[in-house]
Number of protein chains: 2
Amino acid sequence: MSTPAAAAPGSEENWLRLDSQICFSLQAASRAFNGVYRVILKDLGLTYPQYLVMLVLWEEGELPVKKLGEHLRLDSGTLSPLLKRLESAGLVRRERSARDERSVEVRLTEEGTALRERAVRVPRRIVAATGLDLREIGELRERLDQLTSALDTAALEEELGDGG
Amino acid sequence: MSTPAAAAPGSEENWLRLDSQICFSLQAASRAFNGVYRVILKDLGLTYPQYLVMLVLWEEGELPVKKLGEHLRLDSGTLSPLLKRLESAGLVRRERSARDERSVEVRLTEEGTALRERAVRVPRRIVAATGLDLREIGELRERLDQLTSALDTAALEEELGDGG
DNA sequence: CACAATTCAGTTGTGCACAACTAAATAGCC
DNA sequence: GGCTATTTAGTTGTGCACAACTGAATTGTG
């Protein structure tokens, strides 16, 4: 916090500060985004994850819970209650697929479709809030996606018994 | 997902894709980090937020809940139950301050102090998992902190009635 | 001293993330 | 057909984030 430059870089001790930085900064940024979205989405009555679900539905039309989860990297444990809330808010309907009864199709109601009109202003405000231009955003996004895929790979390898 | 370059950049419609990208990428990276930490910290019996608390305590010694929250940007609603869990795990003690009875001092137990020995290996594994070198990490961190502070400022302005 | 405002930890309630599990439906194989 | 394995939503339980509130202690002011 007060001494940005760590001494004796070879020492494991000092790593106990460094390491937390990148993931901590990342989480702080993620939560800061969440805060901005919270304020902006309040008008629409959506949380940020709900907004993401609506984005996918506006783009893809109807789709099963499974596909939705793949788009957003969320499992049914997260999506099921979230979708129930969207349903009781009157924005989506959930119906068992006729051709595969295991699957549940999620589709927009008229109200859900109509909400798009009001949501269309959100992105510009978000981009403005970042203070970045589109190029910078693109660069940062690229770095982050790269980082995510490296981390995913590493997590898999760790899980497979590489004790470090 | 499939068409990285959006057409007709002037259209508000297309922003409904773009915007989600940066924050989505950010959250994805944040969750990916969480996944790696989950695997690595399992041995220590800590979650990632608990690990962050321990990092601060290892660095700062004892300190009141309030200060802890300032370091980690967390409020008592998050910290109180978390600290209870750390306490029942035998890693910390919580005691009302003698000089100010509103304040609760959090301090390490012997066991909590001893855990540092085993935690000292975590950072290196995390850094390795990112696939980045320390310079790249520093650069990314700087960008993210900048972004966070821009977002915090914007959230404040939004909240103060700037209807966008 | 008395009184209002502030500070601090804690509680409650809502919502998300994820692991582990259940139950039902489907697919593949004999 | 009968069997197992897989797929798919859903449920349960744990933990975190945060808003709103409570209650106790402290501070500031007269």
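Here is how names work: the chains are called A, B, and so on, in the same order as the sequence lines, proteins then strands, and each is numbered from 1.
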Taking [X] for its side chain and [Y] for its backbone only, find out whether a donor-acceptor pair lies under 3.5 Å.
X	Y	value
B:S30	B:L26	no
A:E139	A:E136	no
A:T109	A:G90	yes

Open item on the list: If you assign each of A:T78 and A:A32 to its closest nucleotide in DNA chain D, which residue comes earlier from the 5' end?
Closed with: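 Closest to the 5' end, via its nearest nucleotide, is A:T78.
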Give the rounded distance in Å between these two atoms: [atom1] of [X] and [atom2] of [N].
X	N	atom1	atom2	value
A:E70	D:dT8	CD	C1'	11 Å
A:L79	C:dA19	CG	P	14 Å
A:F33	D:dC18	CZ	P	15 Å
B:Y51	D:dG15	OH	C1'	19 Å
B:L63	C:dA9	CG	P	10 Å
B:R38	D:dT14	CZ	P	16 Å
B:L83	C:dC8	CG	C1'	14 Å
B:K42	D:dG15	NZ	C1'	16 Å

Open item on the list: Taking atom CD as the centre, does B:E95 end up with more than 12 heavy-atom neighbours from other residues, nucleotides or ligands that are less than 6.0 angstrom away?
Closed with: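 Yes - once you tally the heavy atoms of other residues, nucleotides and ligands closer than 6.0 Å, there are more than 12.
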- [ ] Take atom CZ of A:R94 as the centre, draw a 6.0 Å sphere, and report whether it contains more than 12 heavy atoms from other residues, nucleotides or ligands.
- [x]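 Yes, because the 6.0 Å sphere around CZ of A:R94 holds more than 12 heavy atoms from other groups.
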TODO: Taking the side chain as every heavy atom from C-beta outward, state whether B:T148 and B:R73 have any atom pair closer than 4.5 Å.
DONE: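 Yes - at least one pair of side-chain heavy atoms lies under 4.5 Å apart.
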So, does [X] get its side chain near the phosphate of [N], meaning an N or O under 4.0 Å from OP1 or OP2?
X	N	result
A:K84	D:dT11	yes
A:S80	D:dG10	yes
A:R73	C:dC18	no

In terms of side-chain heavy atoms of [X], which of [options] is nearest?
X	options	result
B:T47	C:dG15, D:dG15, C:dC18	D:dG15
A:V104	D:dA9, C:dC18, C:dA17	D:dA9
B:R31	C:dA17, C:dA9, D:dG10	C:dA17

Open item on the list: If you take any heavy atom closer than 4.0 Å to DNA chain D, which residues from residues 89-103 of chain B end up in contact?
Closed with: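 Result for residues 89-103 of chain B: B:R99, B:D100, B:E101, B:R102, sorted by number.
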TODO: Starting from the 5' end of DNA chain C, give me the residue, B:P64 or A:D75, whose nearest nucleotide shows up first.
DONE: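 The answer here is B:P64.
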TODO: Measure up the B:Y37 and B:Y51 rings against each other and bin them: parallel (under 30°), tilted (30 to 60°), perpendicular (over 60°).
DONE: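 B:Y37 vs B:Y51 ring planes: tilted.
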Open item on the list: Quiz question: going by heavy-atom distance under 3.5 Å, is there a donor-acceptor pair between the base of D:dG10 and the side chain of A:S76?
Closed with: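 Between D:dG10 and A:S76, which were checked side chain against base, a qualifying N/O pair under 3.5 Å is present.
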